Novice: 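The structure follows.
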There are 2 protein chains.
Amino acid sequence: MGRIKTENNSSRKDVIIKKAAELFKEKGFKAASMRELAEVVGVEAASLYNHIRSKSELLHLICFNVANRYTLMMDEVEAEKTTSLQKVEKLLRFLIGGMVHNFEEVYVCDREWKYLTEPYLSNFQAQRRGYRKRFAAIIEDGIKKKEIKKIDSTTAVLIMLHAISGIESWHRSKQKINGKELEENMITILVGGLRK
Amino acid sequence: MGRIKTENNSSRKDVIIKKAAELFKEKGFKAASMRELAEVVGVEAASLYNHIRSKSELLHLICFNVANRYTLMMDEVEAEKTTSLQKVEKLLRFLIGGMVHNFEEVYVCDREWKYLTEPYLSNFQAQRRGYRKRFAAIIEDGIKKKEIKKIDSTTAVLIMLHAISGIESWHRSKQKINGKELEENMITILVGGLRK
DNA sequence: CTTTTGTACTAACATTTGTTAGCGTAAATT
DNA sequence: AATTTACGCTAACAAATGTTAGTACAAAAG
């Protein structure tokens, strides 16, 4: 069949991960088989194992790649001297952007993380919990400073994160508005829903 | 092992469907095996087939049970002579209530429908599309009547439906606020985000 | 009590799954 | 040019999957 084609300076492993994210998104982690993955990569199933350790390694690479990006952005935002609403807005814009431009990866991370194996599963859940707590803390701070309505911050975070994961439907839809417009609409509704 | 125990006047098939919804929610449709299902039902795997035709029959029973309830509620709401915002609020409250009280079923319908087989898959998608279109039409009507902000109605629907499917996290969370409070918070944020 | 129906069992099936072993060759390094 | 490394192949594996056939027996109907 010939070698796996790489482009720019990405490794063969990177190519496999990318294709895996697409496949896992489309079929779901459990339903996607290594033989299917091999086919889209253009190689026999066994050959994949020259580059990766296991199917589940693919999943945890995808999931932590996303999770780490999110955590990093949270670090950055927390350090800024801006209002709570501005922080929320910046976090949301980052999340929306990720969903629009790195769709497959983010989608897989969101929906398939439960198939992670230990110890990755526990690490992932902890990181996720931490992220949400920090997000909720920003909102509570905003409530204290009377920028934000008096609401349950945990519920607010839950709504926002899941609203964003709904961009999945936007990707599927035929008559899409463009990405920037989508972002503005989401910010209007979500931030508008918080503002006092 | 003895027979499947039923209660109230539910059939043995109903018991299997209920347990299937719980299992599919927890493991995902593909990852859940008929042998696992049999175990939680308290029977051997082969015995299930005295009551159901196939694994995928279970999925489509679950999915259409939910989808039909939603469609029915939409019929009801559309017929009412209320403002658009009141209609949106009623639909949201119904969806939230469903997520809080029929969690497993709704969750499975939301996340696992893609494993439906034809012709159920196409029917389901059509029904879903129809529901969203009707929801969006209510919002557009509200925009026309200046009750609602000028936003993309499709995006608004997408946000709301997915925000609600996020109640999944609420179920998982340890220190839950109660269901009614959750509902009020969600309405505040979501309806507040639309209101002009 | 007898017959019929419903339902559970065991055993087995054909597929599909992730993964490993061993081999050959093209690419990279010396 | 010679050697080593990287990487693809075929073949095979054990385990798990959904499902069917055939049998036995308890419950329901007569």
Side-chain angles (χ1 to χ4, degrees), chain A residues 1-24 26-63 108 112 114-118 120-121, chain B residues 1-7 9-21 23-24 26-63 108 112 114-118 120-121:
Chain A
M1 281 252 215
R3 302 201 147 191
I4 297 172
K5 282 160 209 142
T6 66
E7 36 189 42
N8 309 326
N9 48 12
S10 70
S11 66
R12 277 166 243 277
K13 186 166 182 173
D14 292 334
V15 174
I16 294 172
I17 296 169
K18 185 88 207 311
K19 293 286 187 188
E22 288 170 29
L23 190 67
F24 294 170
E26 199 161 326
K27 300 252 186 176
F29 177 74
K30 275 284 176 186
S33 79
M34 294 304 275
R35 283 171 180 79
E36 285 176 295
L37 176 57
E39 197 178 327
V40 301
V41 171
V43 98
E44 289 299 318
S47 309
L48 296 172
Y49 289 85
N50 285 317
H51 305 278
I52 58 160
R53 249 181 291 281
S54 65
K55 185 184 182 187
S56 72
E57 187 197 8
L58 286 170
L59 183 62
H60 83 244
L61 287 172
I62 294 168
C63 289
V108 169
E112 310 290 334
K114 67 171 147 186
Y115 301 111
L116 286 169
T117 51
E118 293 294 356
Y120 300 101
L121 179 59
Chain B
M1 282 252 218
R3 302 203 148 191
I4 296 173
K5 282 157 209 142
T6 66
E7 37 189 42
N9 49 11
S10 70
S11 66
R12 277 166 244 278
K13 184 166 182 173
D14 292 335
V15 174
I16 294 172
I17 297 169
K18 185 86 204 315
K19 293 286 185 189
L23 189 68
F24 293 171
E26 199 161 326
K27 301 251 186 176
F29 177 73
K30 276 284 175 184
S33 80
M34 294 305 276
R35 284 170 180 80
E36 285 176 295
L37 176 57
E39 197 178 326
V40 302
V41 170
V43 97
E44 290 298 317
S47 309
L48 297 171
Y49 289 85
N50 285 318
H51 305 278
I52 59 159
R53 249 181 291 281
S54 65
K55 186 184 182 188
S56 72
E57 187 197 8
L58 286 170
L59 184 62
H60 83 245
L61 287 172
I62 293 168
C63 289
V108 170
E112 310 290 333
K114 68 171 145 184
Y115 301 112
L116 286 168
T117 51
E118 294 295 354
Y120 299 103
L121 179 59

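Note that the structure is a prediction, hence the values are computed from the model and not measured. Here is how names work: the chains are called A, B, and so on, in the same order as the sequence lines, proteins then strands, and each is numbered from 1. FYI, side chains are in, hydrogens and waters are out, and symmetry mates aren't considered; it's all heavy atoms of this structure.
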Novice: Any chance CD of A:Glu57 has more than 12 other-residue heavy atoms, nucleotides or ligands included, within less than 6.0 Å?
Specialist: yes
Novice: Please report the end-to-end axis angle for the helix from C:dC1-D:dG30 to C:dT30-D:dA1, five pairs per end, rounded to 10 degrees.
Specialist: 20°
Novice: Could you give the CD-to-C1' distance, from A:Glu57 to C:dG18, as a whole number of Å?
Specialist: 14 Å
Novice: Nearest whole Å is fine: how far is D:dG18 P from B:Phe29 CZ?
Specialist: 8 Å
Novice: So if I take every side-chain heavy atom of A:Arg35 and compare against D:dC9, D:dT19, C:dT17, which nucleotide ends up nearest?
Specialist: C:dT17
Novice: When you measure from the side chain of B:Ser33, which nucleotide among C:dT10, D:dT17, C:dT19 comes out closest?
Specialist: D:dT17
Novice: Please determine, for the side chain of B:Arg3, which listed nucleotide (D:dA27, C:dG18, D:dC9) has the closest atom?
Specialist: D:dA27
Novice: Under 4.0 angstrom, heavy atoms only, what part of the nucleic acid is A:Ala32 near: base, sugar-phosphate, or nothing?
Specialist: sugar-phosphate
Novice: Rounded to whole Å, please give me the gap between CD in A:Glu44 and P in C:dG18.
Specialist: 14 Å
Novice: Between the base of D:dA6 and the side chain of A:Asn50, is there a donor-acceptor distance below 3.5 Å?
Specialist: no
Novice: Counting side-chain heavy atoms from C-beta on, which of C:dA8, D:dC9, D:dT20 comes nearest to B:Ser47?
Specialist: C:dA8
Novice: Answer yes or no: are there more than 12 heavy-atom neighbours, outside A:Tyr49 itself, under 6.0 Å from its atom OH?
Specialist: yes
Novice: Starting at OH of A:Tyr49 and ending at P of D:dT10, how long is that distance when rounded to a whole Å?
Specialist: 17 Å
Novice: Output the single nucleotide from C:dA8, D:dT10, C:dT17 whose closest atom is nearest the side chain of B:Val43.
Specialist: C:dA8
Novice: Do the side chains of A:Lys18 and A:Glu22 get close enough for a salt bridge, i.e. N-O under 4.0 angstrom?
Specialist: yes
Novice: Are B:Phe24 and B:Leu58 side-chain neighbours, meaning at least one heavy-atom pair lies under 4.5 Å?
Specialist: yes
Novice: Whole angstroms only, please: what is the CG-P distance between A:Leu37 and D:dG8?
Specialist: 12 Å
Novice: Please report, rounded to the nearest Å, how far the C1' atom of D:dA16 is from the NZ atom of B:Lys30.
Specialist: 13 Å
Novice: For the pair made of CD in B:Glu36 and P in D:dT19, what is the distance, rounded to whole Å?
Specialist: 15 Å
Novice: Want to settle it: does A:Arg12 or B:Met34 sit nearer the 5' end of DNA chain D, counting the closest nucleotide to each?
Specialist: A:Arg12
Novice: Take atom NZ of B:Lys13 as the centre, draw a 6.0 Å sphere, and report whether it contains more than 12 heavy atoms from other residues, nucleotides or ligands.
Specialist: yes
Novice: Please check if atom NZ in B:Lys19 has more than 12 non-hydrogen atoms from other residues, nucleotides or ligands closer than 6.0 Å.
Specialist: no
Novice: Expressed as a whole number of angstroms, how long is the span from A:Lys27:NZ to C:dG18:P?
Specialist: 12 Å
Novice: Using a cut-off of strictly less than 4.0 Å, decide whether B:His51 has a side-chain nitrogen or oxygen near OP1 or OP2 of C:dA8.
Specialist: yes
Novice: Start with the C-alpha distance between B:Asn50 and B:Ser47, add both sets of side-chain angles, then the distance that settles side chain to side chain donor-acceptor pair (under 3.5 Å), and finish with yes or no.
Specialist: CA-CA 6 Å; B:Asn50 285 318; B:Ser47 309; 5.2 Å; no
